[in-house]
Undergrad: 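This is the structure I want to talk about, given as structure tokens.
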Number of protein chains: 2
Amino acid sequence: MAGNKRHINQLVEFERPLTTVDIAIFTVRDQALKVLLVQRPAGAEDPFPAQWALPGGFIDTAKDEDLEGCARRKLKEKTGVETPYLEQLGSWGNAQRDPRGWSATHVYFALIPSEAIVLKAGANSADSRWFPVMEERNGEKLAFDHAELLRAAVSRLRSKVEYTSLPVFLMPAEFTLAELQQTYEIILGRRLEKKSFRTRMASADLFDAVPRMKSGPNRPAQLYRLKRRRPLHIFPRPFGSAES
Amino acid sequence: MAGNKRHINQLVEFERPLTTVDIAIFTVRDQALKVLLVQRPAGAEDPFPAQWALPGGFIDTAKDEDLEGCARRKLKEKTGVETPYLEQLGSWGNAQRDPRGWSATHVYFALIPSEAIVLKAGANSADSRWFPVMEERNGEKLAFDHAELLRAAVSRLRSKVEYTSLPVFLMPAEFTLAELQQTYEIILGRRLEKKSFRTRMASADLFDAVPRMKSGPNRPAQLYRLKRRRPLHIFPRPFGSAES
DNA sequence: TCTTGTAAGTGGGACTATACCACTAAGTAA
DNA sequence: TTACTTAGTGGTATAGTCCCACTTACAAGA
């Protein structure tokens, strides 16, 4: 199975594109959907100096076993944690997106509960920060074609949230149904009907009630915990329209 | 925006993976879902000699504007036609899949009506042929990791057919509702209920009735034609279970 | 202690797309 | 004319959600 020199000769005729992996890491905090962006180095040696970009970079064929491994490595470097959810979004490749030459990037998106995160300044990123995902602003001045990648990631996230249990991966270990519904509402940008929401979640059988309540100024709420080994649940129908 | 030598220096530390594009091209003919496979050259210069593989190959950074353009080029080379439907499936990359080195492939899948196709022997493929998609057989001895890629493509195709109008892209210019239903049934591997099927299609408003009937030994059937500029239609609910 | 306010959680009928199944319609072949 | 087959429809049942009003449970202040 090992390569041999004959093969190499044949390959010379094709220039190899640059190959990178980028990740859209989402969380919900302060009542908003946020994405982690890193600021590119300010020196002129790199393209798009000092601009914000999705975390990512070149594949290290020595260290990375496969594409997903590369994504997990970069994700861990930035956030310091393993992600509970990682999905491949797709790949983008053309001659223009990187001024250094024909390049292709493999894009992943990840969901991480807000409290889990410990931001680290990465080796190749002067700074990293959570940006609220707003249709207008981001989309403009990210490095490379990352604005487009981010739009695609947000679009995929929203459409999957319509009919799956994806947002549970954004919740802390214990949470109330109202908090989960809020997370759905923040991502979708609209209100959901309480009864329908609870009926769905109950029938999906995703959580165990823990024998504790969340107290506040009002009626205490039941706390739940995600069952072990619960994969993504797909609901038979998408969420309906708005409430109140 | 042009590259400069400084950048190149920095990039030397990363070996560039081999980059390819592969396509799963599907059609329905002879009452079966089929996929186009090409036989790799028999000489020992290439890996997996004489084995069957998905059509595809290296990106030509001189000719290919982007990944999808590369996929369309290879598709046209093999089938001689433009495809009515092309979608990116995902990418696979690791150190083992190609004996020549760390490689990543960008996989697309395409749907083509059976009569449209004129198979051409490609430059790098001694032969190409339609293979029925059967869970058991294919999955064993395709070149590279193409068995896995094909499984993923079939899986994606099936799951999208459950709740979209995808199979219309497999139909000839004029067709009957019974023929369309048959196409659905062949892909899904189960019978669908006639009335539900027709109600769905009617409400989707995808076709125009042409003023002609398809005659046979029995009652003639209305012929339909796909409306112009009809994108993929998504039904509010997936198809239900079997009939008779 | 009682009232007020607010969020948690539920009861029950309405609605909608599909499931199910029986029926009619329209042709060919013997 | 009858038998057979496939096209196409009518009408009720069902499932999951929608919608809205209601009850429950707590804190805070009068």
Side-chain angles (χ1 to χ4, degrees), chain A residues 31 161-165 167 171 174-186 188 190-225 233-244, chain B residues 31 161-165 167 171 174-186 188 190-225 233-244:
Chain A
Q31 304 293 312
V161 168
E162 291 280 359
Y163 62 98
T164 71
S165 62
M171 305 307 290
E174 297 186 356
F175 55 90
T176 69
L177 287 179
E179 287 165 350
L180 179 59
Q181 181 173 347
Q182 256 198 55
T183 303
Y184 269 88
E185 291 174 343
I186 287 167
L188 293 176
R190 68 170 196 273
R191 305 297 302 264
L192 298 178
E193 214 286 322
K194 184 168 48 166
K195 185 66 188 306
S196 325
F197 183 83
R198 299 170 92 94
T199 308
R200 280 168 89 113
M201 292 302 158
S203 80
D205 189 35
L206 292 164
F207 321 122
D208 288 317
V210 302
R212 270 194 305 127
M213 309 291 273
K214 169 147 185 171
S215 298
N218 313 309
R219 176 174 173 174
Q222 180 64 55
L223 281 167
Y224 294 89
R225 170 181 286 277
H233 186 269
I234 296 177
F235 297 107
R237 306 187 198 167
F239 279 102
S241 53
E243 179 190 69
S244 67
Chain B
Q31 304 293 314
V161 167
E162 292 280 359
Y163 63 98
T164 70
S165 63
M171 304 309 290
E174 296 185 356
F175 56 89
T176 70
L177 286 180
E179 288 165 349
L180 179 59
Q181 183 174 344
Q182 258 198 53
T183 302
Y184 269 88
E185 291 174 342
I186 287 166
L188 292 177
R190 69 170 195 271
R191 307 296 303 267
L192 298 178
E193 216 286 322
K194 184 166 51 165
K195 185 66 188 306
S196 321
F197 183 83
R198 298 170 94 94
T199 308
R200 278 168 90 112
M201 293 301 157
S203 81
D205 189 36
L206 291 164
F207 321 122
D208 288 317
V210 302
R212 271 193 307 129
M213 307 292 273
K214 167 148 187 170
S215 297
N218 313 308
R219 175 173 173 177
Q222 180 65 55
L223 282 166
Y224 294 89
R225 171 182 285 278
H233 185 269
I234 296 177
F235 298 106
R237 305 186 198 170
F239 280 102
S241 53
E243 179 192 69
S244 65

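Throughout, protein chains are lettered first and strands after them, A, B, ... in sequence-line order, and every chain is numbered starting at 1.
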Undergrad: Counting any heavy atom closer than 4.0 Å, what does B/P220 reach on the DNA or RNA strands: base, sugar-phosphate only, or nothing?
TA: sugar-phosphate
Undergrad: How long is the line joining CE of A/M201 and P of D/dT17, in whole Å?
TA: 10 Å
Undergrad: Indicate whether OP1 or OP2 belonging to C/dT16 is found under 4.0 Å from a side-chain N or O atom of B/R237.
TA: no
Undergrad: With rounding to the nearest 0.5 Å, note down the distance linking CZ in B/R198 to OG in B/S203.
TA: 14.0 Å
Undergrad: Rounding to a whole Å, what distance do you find between A/K214:NZ and D/dT24:P?
TA: 25 Å
Undergrad: Which of these nucleotides, C/dC20, D/dT9, D/dT24, is closest to any side-chain atom of B/S196?
TA: C/dC20
Undergrad: If you find the nucleotide of DNA chain C closest to B/S203 and the one closest to A/A221, which residue's nucleotide is nearer the 5' end?
TA: A/A221
Undergrad: Evaluate side chain to side chain contact (heavy atoms under 4.5 Å, CB included) for B/Q222 paired with B/L177, printing each intermediate quantity in order.
TA: CA-CA 8 Å; B/Q222 180 65 55; B/L177 286 180; over 6 Å; no
Undergrad: Closest approach to the side chain of B/E193, judged atom by atom: which nucleotide of C/dA8, C/dC20, D/dG8 is it?
TA: C/dC20
Undergrad: Would you mind telling me which of D/dT17, C/dG9, C/dA25 lies closest to the side-chain atoms of A/F235?
TA: D/dT17
Undergrad: Mind checking if B/P236 touches a base, just sugar-phosphate, or nothing, with heavy atoms under 4.0 Å?
TA: sugar-phosphate
Undergrad: How are the rings of B/F175 and B/F207 set to each other: parallel, tilted or perpendicular (split at 30° and 60°)?
TA: perpendicular
Undergrad: Tell me which of B/F197 and B/P217 sits closer to the 5' end of DNA chain C, going by the nucleotide each one is nearest to.
TA: B/F197
Undergrad: Of the listed nucleotides (D/dA7, C/dA8, D/dG8), which one gets closest to any side-chain atom of A/K194?
TA: C/dA8
Undergrad: What's the closest nucleotide to the side chain of B/R219 if the choices are D/dT17, C/dA8, C/dA25?
TA: C/dA25
Undergrad: Who are the ring pair (Phe, Tyr, Trp, His ring centres under 6.0 Å) partners of A/Y224, not counting sequence neighbours?
TA: none
Undergrad: I want to confirm an ordering. Mapping B/R198 and A/N218 to their closest nucleotides on DNA chain D, which one lands closer to the 5' end?
TA: B/R198
Undergrad: Can you list everything that forms a side chain to side chain donor-acceptor pair (under 3.5 Å) with A/R237? Sequence neighbours excluded, please.
TA: none
Undergrad: Please pick, from D/dT6, C/dA8, D/dT17, the nucleotide with the shortest atom-to-atom distance to any side-chain atom of A/T199.
TA: D/dT17
Undergrad: From the options C/dC21, C/dT10, D/dT24, select the nucleotide whose nearest atom is closest to the side chain of B/K195.
TA: C/dC21
